[in-house]
Structure formats: structure tokens, C-alpha cells
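Right, one structure below, let's go through it.
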Amino acid sequence: MKRRVSKLIALALAVTTTAVFAGCGSTASTEVKDEAPATEATAETEEVAADTASEPIEISYATFMVGTHASAAAETEVIEAFNKQYEGKIKVVVEELPTDDAFVEKMEVLASSKSLPDVLIGKNGIRELAIANGQAVDLKPYLDEDAEWMKYVGEGAMNYNMTDDGKVYSISNQRQNVGYFYNKEMFEAAGIEPAKTWDEFMTNCQTLKDAGFTPLALMTGENAWTTNLWLAAMVGTANDDGNKFMNTSYPDTYNTPEFIDALGKIQVMLKDYTTADAIGAIYSNAANNFEQGQVAMIANGPWMCPDFSDETKSVAGFADKVGVALYPNDGLISQFEVGYILCTADKSEAEQQAALEFLKFKTGAYAQGVFLEKAGVLPLTDNVEITDEYKAANPLIAKTIELAGQAKYTFGTLDNNAYPAVIEEFAKWYPSLAYDEITAEDLASYLSAANDASK
Amino acid sequence: MKNNRKWIVLFLLPGILLFAFIFLATLVILFGSSFTDWTIGKELSFVGLKNYINIFTEDAGFITAIKNTFIWILLQSTIHVVIGVTVALMLSRKRWYSNAVRTIFFIPNVISSAALGMLFLCTMNPQYGLLNQLISKITGEPCTTNWFLGSNSAFWTVTMTWLPYAGLVTILVMAEMSSISEDVYEAAKIDGATPLQTDFHIVLPLMRNIIGTCVVLAATSMLQKLDIIMMTTSGGPGNKTMNLPMYVYETVFTYKKFGKANAEGIVLIAVGIVCLKVIRKAFKMDEED
């Protein structure tokens with residue numbers, strides 16, 4: 001009897017272990033449950049709610065705008081506002097990923113098993129994967145039938161993400177105007193002004209170095225963001241061919257004279273004009289070097305502005321020391337983000353409608369306003385008003401908007417225009433470029449090879 | 001007996017099911033799909049040996065990865081194990097410091113690889129890292145060596161993040177040493193053997209099986225090394241610190257070529273099986289003492 005009981009206990013333990021292992025495979029996610037401001041739900045949502053009786057429809061949403069991310073506060077406010085507005089009808093279940101990289105990697109895995117969340121940002125090729133696996137929904141018909149939504153999205157953002165066959169699989173919630181920030185005190189001490197040409201820019205770097213300042217906050221880790229903004233600017237302002245190249249999605253080759261010349265300049269910048277930790281550094285290292293007053297220039301967008309007056313990130317009074325400028329040759333990165341995709345092609349009509357409501361909310365006037373206010377993110381159209389009061393309180397953002405009108409060359413970022421594999425190659429080979437182990441021509445050919453392999 | 005057989009089957013069933021669904025099914029899919037051009041959003045089609053031919057003839061990165069993996073297997077199964085066994089022999093002398101040293105030596109083994117990666121990354125930061133600061137203090141010259149991403153230092157810096165930390169080997173060997181009868185040591189002492197002679201001629205031969213096991217563990221750990229490389233160099237600069245697991249990861253997540261990645265995975269498994277066979281033969285692990 002005793003033996004039999006022991007065997008039964010052992011069997012129960014074995015079964016429990018199996019169940020525990022199975023349980024480990026389930027998805028962990030966090031929910032946003034806080035109260036939201038009282039506003040009215042739309043008629044479509046009322047219909048959705050009527051279909052689903054008392055239980056709210058749950059839609060899944062993944063985000064990397066959490067923790068110390070510059071847009072974390074805005075993201076939380078928008079999600080909370082949505083859940084409040086649609087309380088009892090739609091509930092957004094949020095999965096938080098700690099970094100951009102973690103987000104992209106997780107979404108790539110989910111895309112391969114056709115289980116992407118209902119709504120997510122389609123950056124770094126995720127949108128293309130969602131289109132390929134059949135989860136992405138064409139948003140063009142919805143934009144056409146909702147004039148109010150379209151008013152705040154605008155033709156520019158819609159056309160930016162339109163495919164050759166006239167479909168729109170993603171909607172941005174921000175316009176990006178990216179120049180570079182500089183430390184006015186260091187410029188003044190070195191006796192220089194923002195450069196008008198690239199030759200003058202390189203001379204300025206040397207002048208700053210001679211005056212005892214480190215000129216540039218560069219990085220080669222992650223997507224080499226701050227370094228590649230300079231690279232994009234050099235190519236995009238080189239001449240008309242270079243500008244066309246930087247306005248082309250997935251170009252045929254990187255073996256172009258403008259690109260190779262720009263990589264040559266980047267090599268000099270990495271070797272002579274940046275911090276010792278730039279090789280292998282991630283964005284936070286580069287940002288920290290600038291915000292702590294260690295370097296004179298960083299290429300980045302206006303979403304960085306709130307950090308300049310945040311004393312947990314920047315030295316006290318730093319915001320007053322920062323200026324913003326166009327790239328040499330009057331260049332400015334001006335683009336729309338890839339934005340949000342709707343991955344509900346295989347879901348029920350009610351779920352599709354609920355997810356669409358959330359996507360509209362995330363890209364609508366309210367969300368654009370919150371992101372402008374809290375994260376310094378520029379709205380898609382002029383229909384979201386940027387008040388004089390806001391401009392007075394945020395002079396750098398106001399200046400960026402003003403500079404946009406003076407730009408001779410506008411172009412996109414490499415992150416938006418290149419395959420993810422190409423971007424990975426930068427992180428892989430920039431150290432070798434900086435240490436003179438490969439040439440600019442070599443790097444251009446490695447990028448072209450990765451480009452070919454991605455087609 | 002018949003009744004017992006029923007219970008044996010019942011007890012084994014959860015384990016067999018787990019193995020079948022988690023490992024066996026995965027292996028079958030892995031092997032089968034390595035002969036296809038599997039990627040996202042495209043119809044799966046059979047490509048025969050194309051993936052295998054491609055990785056060995058057209059993929060310089062894969063060849064570098066396989067070469068690095070073999071070097072690391074060799075280093076880990078020799079130097080790493082020698083360090084672990086040497087420390088075990090030293091600690092077996094039971095001096096006043098033995099317990100403290102054993103604990104300290106094992107610390108790197110209880111820290112997660114991700115945390116260890118961050119620790120090394122910070123210690124070897126070219127600008128603010130402890131190592132460069134120390135070198136600067138000693139030499140009086142500013143040192144900004146980029147240990148992890150300099151082309152001459154990267155491979156050996158990554159190697160040093162795991163090679164010396166042989167706490168597991170030490171613990172396993174010490175556990176086996178405790179099973180040696182005191183009579184054996186006493187007999188050696190009566191015969192006039194020095195402690196070193198006892199170690200080399202008595203203890204080590206008796207440790208053959210456990211040392212073989214340690215070599216297997218050390219070698220196969222190099223076939224799983226991904227986390228520290230991801231945290232520190234991601235296989236760079238270029239492919240200088242690329243190994244097989246990292247290359248498979250890159251093929252999957254950067255290029256989304258699952259068929260090719262699975263062919264690489266099969267090669268990885270084959271390398272593991274070959275290593276296992278060679279080590280077992282070298283240590284005569286299948287033979288009775």
C-alpha cells in the first residue's frame with residue numbers, strides 16, 4: 001500500500017513537472033489598467049461593443065517605448081487614455097520590450113510563426129515580414145473612408161509608406177526632422193560656427209580638437225544611429241545623385257562614389273574626432289557623452305530635446321548651451337517613420353475593428369499632441385497645431401521646425417531606406433574601418449553584398 | 001514484475017513525451033528543413049544539398065565561425081580543464097585558505113552569462129574601464145585600448161571571458177577525489193612518494209573518467225556559447241569573434257534564411273557528436289578500469 005502511494009505521488013510529481021514546463025512557454029505580458037480621461041467612443045466601436053456583449057475585446061500591442069525611453073511617458077499616457085475611453089469595450093494588452101533591439105528580435109521570431117501582436121511598430125523590416133507572412137492589413141481603404149483620421153495623418157505620411165501597388169501597410173505617428181545639436185559654449189571657445197560645407201565641417205572638427213574638445217558623439221554599436229545620421233547627411237547633400245540615393249528605399253548598390261566618399265569621411269571621424277569609447281558604443285553612451293558636456297556635436301532628432309533639461313540625464317543648465325543646425329550644404333533629414341502596422345488579417349471582424357480603433361487612436365490628433373508635448377516628436381501635419389506657447393517653451397524644437405523651411409536637401413535615414421542586414425553590417429565592420437583594417441571601398445562592398453543577400 | 005513494468009512505463013511517459021515533442025520533433029524538423037529554402041512569406045521548396053554546399057563553398061563568414069569554434073573547443077578542453085584540475089589538486093591539500101579559494105574560484109560560475117558579459121564590457125571599456133585606468137596608472141601613459149573590438153585583441157579578450165573560470169571542473173574533480181580511499185594515500189606515503197608524485201602517478205590516473213567528463217562539458221559548452229559574445233562583440237569586429245551559434249543566430253535573425261540556418265545547425269550538432277566521440281575515445285571512457 002505504502003509503495004503504491006509513493007508511486008502515485010511520484011507520478012503526480014512527474015505530471016506536475018510536465019505541466020510546469022508547458023506553462024513556461026506561455027507569454028508574459030503586462031496590462032495597462034489605469035484610469036483614462038473621459039471622452040466619447042466612436043460609433044464603430046459602439047457597434048463592436050454591441051457584438052461582443054459584456055466582455056471587452058482584448059487586443060495585443062507590443063512596444064519598446066518603456067522605462068527610460070524618451071517617449072515612454074507619452075506612450076503610457078496614450079495607452080491609458082485609450083483604455084479609459086474604450087473601457088468595457090476594448091482593452092489593450094501591452095507587451096513591453098526593454099530595448100529597440102529586443103523589440104525587433106522578438107517581433108522577428110513572432111513574425112516567423114505568424115503570431116505578431118495586433119498592433120505594433122513595423123520598423124527594421126518587421127512591416128515587410130508581416131506583409132510576407134500575410135498578417136498585415138492594407139490600411140488604404142480605411143484611410144479613404146475616414147476623412148477625420150486622414151486629416152491628421154496627411155497625404156505626405158500616407159504616400160511615404162505606400163507600396164508600388166498602392167497599398168498602405170503602415171501609418172506613421174511622427175514626422176522626423178533631424179539635424180544636429182552642438183554645444184554653443186564649445187563652439188564659442190573654439191571660435192567656430194556651424195559649418196556650411198563638409199570641408200568646413202572637417203576643419204571645424206580639427207579646430208575643436210585643437211581647442212581641447214572632443215568634436216563628435218559617435219557610436220558603432222546597435223544600429224550605429226548617431227554615426228549613420230552623419231553618413232546619411234554626407235551622402236544626401238553630396239549632389240543630386242547622392243540625394244536621390246538617400247531618398248531611395250533599398251537601393252541597388254552601396255558602391256557609389258558619394259557613398260564611398262562619405263564612408264571615407266566617417267573613417268576619419270571615427271579615428272580622429274570622437275570619444276575613445278565610440279567603437280562599440282550604443283546610443284546611450286553617445287547621448288551621455290553629449291549631455292554630460294564631454295563632446296561638441298551629436299546628430300539626432302528633436303525627441304532628444306526634453307533630455308537636455310532633465311538633470312538626471314544632462315548636466316545642470318545644459319539646455320541653454322545647446323544649439324541646433326542644418327547639416328553642411330543645407331541638408332536635413334526629413335522623413336516619416338515606418339509607423340504602426342495592423343496585423344489582424346487572420347482575426348475576426350470584431351477584433352480587426354477593435355485593433356483598427358487603437359491604431360487610429362495611436363496615429364490620431366490626440367496621440368500626436370501627447371507625443372509632441374511629452375517627447376518632442378513632431379506631428380504629421382500642420383493640422384495638429386504647435387502653439388506659440390509651446391515654441392517659446394521648446395526653442396530647440398521651434399528652431400528645428402524653422403530650419404526645415406531653409407533646407408536645400410532633404411532625405412531619409414539609412415534605417416528607413418536599407419535592409420536590416422545592411423544596418424547590421426555597419427555595426428560589424430565600423431570597428432575595422434576605424435582601425436584601418438578595411439577601406440571605405442571594402443565596407444561599401446560588404447554593404448552591397450548584404451543588400452544582395454536580403455533581396 | 002508485470003505490474004512493475006506498467007509503473008515504469010507510466011513514470012517514463014512524461015519524460016518520453018517531453019523528449020519527443022521538444023527535442024525529437026525539433027530535430028526532425030531541423031534536419032528536414034535544412035534541405036529547403038525556408039524563409040518568411042515564401043513557399044517552402046526542396047533544394048537538396050544546396051544549403052550545405054553554399055555554407056562550405058560560398059560563405060567565408062561560416063568558415064571563420066567554424067574555425068573559431070574549433071579553436072575555442074581546443075582551448076577550453078585543454079587549458080580550461082588543466083586550470084580546473086590544478087586548482088582542485090591544490091585545494092585537496094586542505095590548507096587554511098582552501099575553503100575561501102574554492103568559494104571565490106566558483107563565483108564566476110554562479111553569475112549569469114549576461115551579467116558577466118556586462119561586467120567584462122564595463123571593465124574593459126576603452127574610456128572608463130578599470131583595466132585601461134589601471135594600465136594608465138602603472139605606465140603613466142593614457143591607455144585607450146579597445147579590448148573587445150580591436151582586431152588584435154578581440155579574439156583573446158573574448159576567450160578570457162570564459163577560459164580561466166574553471167570552477168565547475170574544480171568542484172567535479174574534488175568530488176571525485178573525495179572518493180579515493182585514504183589507504184591509497186597512506187600506501188604512497190609509506191612507499192616514499194612525494195605529494196607531486198602522488199598526484200601524477202596515483203590521483204590523476206584515478207581521475208581519468210571525471211576529467212574526461214569535464215573535457216566533454218568544456219568542449220560542448222563552446223558549442224552553446226552565444227550570450228557573452230552577443231553582450232560583448234556580436235561576433236565582430238568583422239567576423240573575428242564569430243562562432244557557430246552566433247552565426248546560426250545571425251542567419252536566422254538578420255537574413256531570415258531558416259533553411260540555411262538549419263543546415264548550419266545540423267553542422268553544429270555534427271561537430272558536437274564528433275567532439276564527443278573523440279574525447280570519449282581519448283579518455284577511454286567506454287572502457288572498464
Side-chain angles (χ1 to χ4, degrees), chain A residues 3-4 7-8 10-11 13-19 21-22 25 104-105 108-109 111-114 125 128-135 220-222 275-281 285 289 294 419-425 427-438 442 446 450 453-454, chain B residues 3-4 6-8 10-18 21-22 38-42 58-61 121-122 124-129 132 142-154 230 232-242 249-258 260:
Chain A
R3 245 179 110 194
R4 180 164 285 215
K7 283 175 180 173
L8 280 171
L11 182 64
L13 281 172
V15 171
T16 312
T17 310
T18 314
F21 274 119
V104 172
E105 279 171 18
E108 284 172 344
V109 173
S112 64
S113 56
K114 224 179 161 181
E128 282 66 27
L129 293 178
I131 296 169
N133 77 6
Q135 276 192 276
T220 68
E222 294 172 341
T275 52
D277 67 347
I279 311 301
N285 300 124
N289 280 331
Q294 305 287 321
Y419 288 108
V422 175
I423 301 297
E424 296 272 336
E425 290 296 295
K428 201 169 172 178
W429 292 106
Y430 264 155
S432 304
L433 185 75
Y435 295 130
D436 275 334
E437 287 146 20
I438 60 166
D442 292 334
Y446 297 151
S454 303
Chain B
N3 201 27
N4 261 351
K6 191 177 75 187
W7 283 106
I8 289 167
L10 266 175
F11 286 144
L12 286 177
L13 201 61
I16 290 170
L17 285 176
L18 275 175
F21 284 109
I22 295 175
W38 183 17
T39 185
I40 297 175
K42 282 185 188 161
E58 293 170 26
D59 201 335
L121 208 56
C122 293
M124 297 188 177
N125 181 292
Q127 197 164 355
Y128 309 106
N132 280 355
C143 175
T144 54
T145 305
N146 198 325
W147 297 98
F148 274 115
L149 291 169
S151 74
N152 295 324
S153 59
M230 275 192 81
T232 53
T233 64
S234 297
N239 287 318
K240 286 247 160 55
T241 59
M242 186 64 75
Y249 181 89
E250 195 178 80
T251 310
V252 172
F253 288 102
T254 306
Y255 291 98
K256 323 284 179 308
K257 294 186 174 173
F258 304 137
K260 187 182 170 208

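These figures come from a predicted structure and were not determined experimentally. Quick note on labels: first sequence line is chain A, next is B, and so on, each numbered from 1. Only this structure's heavy atoms are used, side chains among them; waters, hydrogens and symmetry mates stay out.
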* Asked: Closest approach of Asn125(B) and Gln127(B), non-hydrogen atoms and distance?
  -> OD1-N, 2.7 Å
* Structure fact -> What one should report as the nearest heavy-atom pair of Ile279(A) and Ala434(A) is CD1-CB, 3.5 Å
* To do: Output the option from Leu433(A), Asn133(A), Leu129(A) having the highest count of non-hydrogen pairs under 4.5 Å with chain B.
  => Leu129(A)
* Asked: Could you walk me through whether Val252(B) and Phe258(B) pass the side-chain contact (heavy atoms from CB on, under 4.5 Å) check?
  -> CA-CA 6 Å; Val252(B) 172; Phe258(B) 304 137; 3.6 Å; yes
* To do: Quick one: which of Gly150(B), Gly236(B), Pro237(B) has the most heavy-atom pairs under 4.5 Å with chain A, could you say?
  => Pro237(B)
* Select one option (side chain, backbone, both, neither) describing which atoms of Glu128(A) are under 4.5 Å from chain B's heavy atoms. => neither
* Structure fact -> Okay, Ser151(B) and chain A: the region with an atom under 4.5 Å from a heavy atom over there is both
* To do: With a 4.5 angstrom heavy-atom cut-off, could you sort out which part of Ala427(A) is near chain B: side chain, backbone, both or neither?
  => neither
* Go through Glu437(A), Glu425(A), Lys114(A) and name the one with the most non-hydrogen pairs under 4.5 angstrom from chain B. => Glu437(A)
* Start with the C-alpha gap between Tyr446(A) and Lys428(A), add the side-chain angles, then the distance that decides, and say whether side-chain contact (heavy atoms from CB on, under 4.5 Å) holds. => CA-CA 10 Å; Tyr446(A) 297 151; Lys428(A) 201 169 172 178; over 6 Å; no
* **Candidate pair Trp147(B) and Asn132(B), rule side-chain hydrogen bond (donor to acceptor under 3.5 Å, both in side chains), full reasoning** => CA-CA 9 Å; Trp147(B) 297 98; Asn132(B) 280 355; 2.7 Å; yes
* Would you please say whether a donor-acceptor pair under 3.5 Å links the side chains of Glu424(A) and Tyr255(B)? => no
* Asked: Hey, which of Gly238(B), Ala154(B), Pro126(B) has the most heavy atom pairs under 4.5 Å with chain A?
  -> Gly238(B)
* Between Tyr128(B) and chain A, which part of the residue has a heavy atom less than 4.5 Å away: side chain, backbone, both or neither? -> side chain
* Flag yes if more than 12 heavy atoms outside Phe21(B) fall under 6.0 Å of its CZ atom; otherwise flag no. => no
* To do: Heavy-atom distances under 4.5 Å only: say whether Glu105(A) touches chain B with side chain, backbone, both or neither.
  => both
* Between Asn289(A) and chain B, which part of the residue has a heavy atom less than 4.5 Å away: side chain, backbone, both or neither? -> side chain
